[in-house]
*Asks:* 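Sharing a structure with you now.
The structure displayed is predicted, hence computed values, not measured ones.
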Amino acid sequence: MLLNVIILMHMLNLQLRLCAADLCNWTGSGFAAAVDSRIVLQVRLRCTEGSVRWIYPGQSLRVVLEPNLSSSRRTIVCIKPSPSFRGASVFVERSGQLELLVPDGGRPEQQQQQQQVFCFRADGPHRPAIYLQSSPQSDGARSRRTMGFRYELLANRSAANNLGLGGLQASCRPCNDTELLMAVCNSDFVVRGSIKNVSHDSERQTSLVEVSAARVYWQRSGVFEQQAASSGSSPSWQGHIHTRLQCHVKPGDGEFLFTGSEHFGEAWLGCAPRYKDFLSVYQTAWAARRNSCDFPLD
């Protein structure tokens with residue numbers, strides 16, 4: 001609390017220096033701020049996802065997210081610090097108040113947080129602003145450091161729920177028919193395949209599902225990669241899907257339809273019915289003209 005007060009009092013005397021950026025990403029140097037401690041570099045970004053890379057970090061950096069009006073209903077902001085992120089704290093600015101989001105990751109016991117994702121709500125009257133406060137470096141390490149993060153704006157609470165972010169609990173119940181029909185239309189990836197293996201990470205509270213896919217219907221990026229076909233066999237796809245540890249996913253026989261979302265280059269599980277069960281649901285909905293979109297049936 002005292003730190004917030006000190007920083008806020010200091011900000012009143014700081015000079016904001018606006019930095020050039022493209023719509024989604026910013027890479028810049030903190031040399032100017034290192035020379036004059038009153039300077040706060042300010043960056044304005046207008047995309048729903050992108051990255052910030054701060055070379056030779058100086059005193060402070062303020063990042064304002066101003067997405068286009070079509071994306072104004074995205075009310076959850078998530079950031080993932082880079083592996084080199086240490087020696088700074090991250091605050092969320094709300095109505096002139098700073099709230100600690102990511103503590104200084106310079107201490108060894110905290111470096112696990114570099115692999116974590118941190119989220120906060122941004123549903124107030126002001127555009128979300130992220131404030132990076134660089135820690136003092138007495139050994140000259142400032143000139144050699146690079147820090148940054150990737151950010152995403154999520155459209156709704158359920159997206160953050162699926163990730164188990166921001167203190168929210170993920171729902172592990174099976175999808176109902178309506179949710180399943182929407183999932184095959186709106187997911188970032190839809191693949192049909194089987195579970196090869198499941199590994200668990202108790203520190204991140206996540207499970208990693210290794211999937212061998214017979215068919216990739218679509219995917220937003222290259223999460224699933226095509227494998228070279230051996231003699232006499234058809235090509236297959238391999239990929240990994242993350243889910244919450246509390247969902248207790250286990251390897252199982254049979255063919256599944258995997259759907260979900262992609263965040264920070266990782267696939268996260270949404271609905272995953274057995275393929276034969278999905279076919280029954282889809283065909284019933286198609287006969288009643290209740291399907292949300294056309295889906296290619298084999």
*Asks:* Classify the ring geometry between Tyr275 and Phe278 as parallel (under 30°), tilted (30 to 60°) or perpendicular (over 60°).
*Replies:* tilted

*Asks:* Is it the case that the ring center of Phe189 lies less than 6.0 angstrom away from the ring center of Tyr217?
*Replies:* no

*Asks:* Within the distance-only criterion (no hydrogens, no angle test), does the side chain of Thr259 pair as donor or acceptor with the backbone N or O of Val190 below 3.5 angstrom?
*Replies:* no

*Asks:* Answer with yes or no whether the side chains of Thr206 and His242 bring together a donor and an acceptor at under 3.5 Å.
*Replies:*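 His242 vs Thr206: no donor-acceptor pair found between side chains.
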
*Asks:* Just how far is it from atom OH of Tyr151 to atom SG of Cys119, taken to the nearest 0.5 Å?
*Replies:* 14.5 Å

*Asks:* Kindly say whether Gly148 contributes a backbone atom to a donor-acceptor pair with the side chain of Ser82 at under 3.5 angstrom?
*Replies:* yes

*Asks:* Are more than 12 heavy atoms, taken from residues, nucleotides or ligands other than Asp253, located less than 6.0 Å from that residue's CG atom?
*Replies:* no

*Asks:* CG/Asp177 to OH/Tyr282 distance, rounded to the nearest 0.5 angstrom?
*Replies:* 14.0 Å

*Asks:* Got a salt bridge between Arg44 and Glu66, using NZ or NE/NH1/NH2 to carboxylate O under 4.0 Å?
*Replies:* yes

*Asks:* Any donor-acceptor pair under 3.5 Å linking the side chain of Gln219 with the backbone of Val223?
*Replies:* yes

*Asks:* Go through the steps to decide whether Ser89 and Gln133 satisfy the test side chain to side chain donor-acceptor pair (under 3.5 Å), and finish with yes or no.
*Replies:* CA-CA 5 Å; Ser89 299; Gln133 176 71 25; over 6 Å; no

*Asks:* Is the cationic atom of Arg62 (NZ for Lys, CZ for Arg) positioned less than 6.0 Å from the six-membered ring centroid of Tyr131 and within 45 degrees of its normal?
*Replies:*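 Output no; distance or angle outside limits.
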
*Asks:* Should the heavy atoms of other residues, nucleotides or ligands under 6.0 Å from CZ of Arg53 be counted, would the total exceed 12?
*Replies:*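 Open.
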
*Asks:* Give a yes-or-no answer on whether the side chains of Ser202 and His200 include a donor-acceptor pair shorter than 3.5 Å.
*Replies:* no

*Asks:* With a 4.0 Å cut-off on N to O distance, would you call Arg274 and Glu255 a salt bridge?
*Replies:*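 No, this pair does not count.
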
*Asks:* From the options Glu266, Glu152, Glu49, select the one residue that forms a salt bridge (charged side-chain N to carboxylate O under 4.0 Å, His left out) with Lys80.
*Replies:* Glu266

*Asks:* Nearest 0.5 Å, please: how far is CG in Leu269 from CZ in Phe256?
*Replies:*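 Separation between the atoms: 10.5 Å.
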
*Asks:* Rounded to the nearest 0.5 Å, what's the gap from SG on Cys185 to CG on Asp294? Could you check?
*Replies:* 8.5 Å

*Asks:* When you measure from the side chain of Asn25 to the backbone N and O of Ser51, does any donor-acceptor pair fall under 3.5 Å?
*Replies:*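 Between the backbone of Ser51 and the side chain of Asn25 there is a qualifying donor-acceptor contact (under 3.5 Å).
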
*Asks:* Can you tell me if CH2 on Trp218 sees more than 12 non-hydrogen neighbours from other groups inside 6.0 Å?
*Replies:*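 Yes, the 6.0 Å shell around CH2 holds more than 12 heavy atoms from other groups.
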
*Asks:* Tell me whether Met147 shares a hydrophobic cluster with Ile79, the cluster being built from Ile, Leu, Val, Met, Phe, Trp, Tyr side chains joined at under 4.5 Å.
*Replies:* yes

*Asks:* Rounded to the nearest 0.5 Å, what's the gap from CD on Gln97 to CZ on Phe91? Could you check?
*Replies:*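 Going from the CD atom of Gln97 to the CZ atom of Phe91 covers 12.0 Å.
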
*Asks:* Please confirm whether the backbone N or O of Glu262 pairs with a side-chain atom of Asp188, one donor and one acceptor, at under 3.5 Å?
*Replies:* yes

